[in-house]
Protein chains: 2
Amino acid sequence: MSLTLKQLRYFVAAANQASVSKAAQALSISQSAVTEAIKELESYLGVQLFIRQPRGMTITPEGQQFLRHAISILAEVANATRVASAGAHRVTGRLNLGVTSLTAGYVLSDVLSRYRRLNPDVDVTAVEDTAEYLEHLIIGGELDVAVMVTSNLRNAQALQSEILEVSSFRLWLPIDHPLNRQQSIALSDVADEQLIVLDVDEMEQEAVKLLSAFGKRPRIAFRTRSVEAVRSLVATGAGVALLPDLVYRPWSLEGDRIHSRDVSGTLPVVQVGLIWRRGSAISDAAREFVAVAQAQHEVKQR
Amino acid sequence: MSLTLKQLRYFVAAANQASVSKAAQALSISQSAVTEAIKELESYLGVQLFIRQPRGMTITPEGQQFLRHAISILAEVANATRVASAGAHRVTGRLNLGVTSLTAGYVLSDVLSRYRRLNPDVDVTAVEDTAEYLEHLIIGGELDVAVMVTSNLRNAQALQSEILEVSSFRLWLPIDHPLNRQQSIALSDVADEQLIVLDVDEMEQEAVKLLSAFGKRPRIAFRTRSVEAVRSLVATGAGVALLPDLVYRPWSLEGDRIHSRDVSGTLPVVQVGLIWRRGSAISDAAREFVAVAQAQHEVKQR
DNA sequence: GGTCGGTATCGGTTTTTCCGAACGAAAACC
DNA sequence: GGTTTTCGTTCGGAAAAACCGATACCGACC
């Protein structure tokens, strides 16, 4: 046999849900079908994609890497059908994008590279700034679309938005941290820890607000604007961090492992999405951008 | 039903061969299977991909556009399996590429965008120059790999090469040109025409050499370094052109139609490929580049 | 008008996919 | 410490799909 799109879809679903049965449910299909598709995929690639555990599955590093490819392929397929079905006029013109420093690396890069390949005749420019200023530029008509955290927009009534990704806060720990031995971690446990905070996109306020509920002032060990720095600091034991799952990666640049754990109780979520000006007609180039981003988003959700 | 990789493979084959039955033969499969797969694909997309003619099929503009997507998807799939099967180490380092002005737009751009996405940690630089000078830079170790016409290398013994694409010369005509009414066109017919020549990568010498065989000196109406200009000039009736099929597109920038016709007798072919220095160890980053380019090439061939 | 080169259609067969039930294994629960 | 719960896997049979070969069909070419 050879590789099948169906296998990729099932694989992505299973990876998202970290469970064969949940994936099967989401796909409205039987568990055994998913199991067999993934098994087939693994034997075809000659790589183990998941580690089966009694309580679900966790993806292997190789699986993680293949997952990126699988999502990319499915997104490409979605775009191909969309473009073909819509009719074949080439979009030209100019597109002015805005990003925040957080979304630039973790959301925009994928979408943008695909967009440029699909619409080579569009002149794309992107500026990076704070969420607040991006809103200002959108409303002023200087930007067409911005990619940013949309959970707390300041001028919601003047803006239209589309959620691309919902990501909940989780706790990052070095692999040998004492809290790792607890089955469940409460927010109050975290309040006693040294904290590494990320000083972009209001991530700091969010984390501090969470912890301040316990009366004590959070102990901030380090404040940085670089996610990579947070990872390195957490990995080497300088402290723990509360950040959206979106930016989590299991390894730091130096190769040290990082764990990400749920905190009991409901932690807030951040919504990352697109915004554009409400009311005014949106350009073809901008509409295409929204569509490309949505296609990628939908594929990931499965 | 939903879209299938198998459908894409069959479609690409049929598009390449401009024939269902030839494609079936190439795929070692029955003709009806290919017919049905393509029909299914068309009804799924809601777009007609081919115009059926008594003497084979020609691809529609929508089909042409979808073909690019299909090839891109298949190439992505090939790379995903290759990377997964090979094991998951990220390639880093630097890659110095060389291109000629012809290969930059028509060959490199696709491969390079895919390469950058697959290997974000590699620092890529590219220089554009003449084939002769690129060879010099390769031998001197200043470039790792070059993408160029490899039909007539000057220093073949010092270089290793890998063919990516073989493209034969064809005649470009405006749609209403008298020669279009002839069933077959001889080279001697062309010798009387006004010629538009492309002044890059020795395309001019090649075309002139072909026509000089008839004693007369070819009538060169225009000499330009831009393929787009050639297309526009041909479309508006300023002359005809002899160029490799690789750079043919059915429309000029202005939207005017151009025909491409075989010339009876065997016209020479140009080989476009990669070259690198023979003997010296090739870097990981360069090997990856060769592999990505090959994957794309193989997909197209089907 | 017949042949030739090609595509579309159709019944029958093979292969693939899917389901549901049974199985097994580790964690959670009492 | 045993039982229950929750998963993932395995397996036989059923449903669906892909494939094949033969045949019908259609326009160009002679």
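Each chain gets a letter, A, B and so on, in the order the sequences are listed, and its residues count up from 1.
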For this session: Tell me which of B:Q31 and B:Q7 sits closer to the 5' end of DNA chain D, going by the nucleotide each one is nearest to.
Result: B:Q7
For this session: State whether A:K6 places a side-chain N or O below 4.0 Å from either non-bridging phosphate oxygen (OP1 or OP2) of C:dC18.
Result: yes
For this session: Verify, without hydrogens or angle tests, whether B:R170 (side chain) and B:V263 (backbone) share a donor-acceptor contact under 3.5 angstrom.
Result: no
For this session: Quickly work out the A:I38 CD1 to D:dT10 C1' distance and round it to whole Å.
Result: 15 Å
Exercise. Counting only distance, no hydrogens or angles, is the base of D:dG8 paired donor-acceptor with the side chain of A:S32 under 3.5 Å?
Worked result: no
Problem set entry | Nearest-Å distance for atom pair CG/P, residues A:L41 and C:dT17 | 12 Å
Seminar exercise, completed: Separation of C:dT17 atom P from A:R9 atom CZ, nearest Å, is 13 Å
Seminar exercise, completed: Closest of C:dC19, C:dT7, D:dC20 to the B:S30 side chain is D:dC20
Exercise. Do any side-chain nitrogens or oxygens of B:T35 fall under 4.0 Å of OP1 or OP2 in C:dT7?
Worked result: no
Exercise. Contact class for A:S21 (heavy atom, under 4.0 Å): base, sugar-phosphate, or nothing?
Worked result: sugar-phosphate
Exercise. Whole-Å distance between C:dT7 P and B:E42 CD?
Worked result: 13 Å
Exercise. Can you check the B:Q53 CD to D:dC29 P distance for me, whole Å?
Worked result: 11 Å
Problem set entry | N or O in side chain of A:K22 less than 4.0 angstrom from D:dT6 OP1/OP2 | no
Exercise. Within the structure shown, what part of the strands sits under 4.0 Å from A:F50 by heavy-atom distance: base, sugar-phosphate, or nothing?
Worked result: nothing
For this session: Would you mind classifying the nucleic acid contact of B:E36 as base, sugar-phosphate or nothing, using non-hydrogen atoms under 4.0 angstrom?
Result: base
For this session: Starting at atom OH of B:Y44, determine the distance to atom P of D:dA18, rounded to an integer number of angstrom.
Result: 13 Å
Exercise. Judged by modelled atom types alone, do A:S72 and A:E76 share a side-chain donor-acceptor pair under 3.5 Å?
Worked result: no
Problem set entry | Contact under 4.0 Å: B:R52 side-chain N or O vs C:dA8 OP1/OP2 | yes
Exercise. For the residue pair A:F66 and A:F11, does the interplanar ring angle fall in the parallel (under 30°), tilted (30 to 60°) or perpendicular (over 60°) class?
Worked result: tilted
Problem set entry | B:K39 vs C:dT7: side-chain N/O to OP1/OP2 distance below 4.0 Å | no
For this session: Figure out the CD1/P separation between A:I29 and C:dC18, and round it to whole Å.
Result: 5 Å
For this session: Take B:F50 and B:I38 through the test side-chain contact (heavy atoms from CB on, under 4.5 Å) and record every step on the way to the result.
Result: CA-CA 9 Å; B:F50 291 104; B:I38 291 177; 4.0 Å; yes
Problem set entry | B:T4 (side chain) donor-acceptor with B:Q7 (main chain) under 3.5 angstrom | no
Exercise. Given atom CD of A:Q25 and atom P of D:dT6, what is their separation to the nearest angstrom?
Worked result: 12 Å
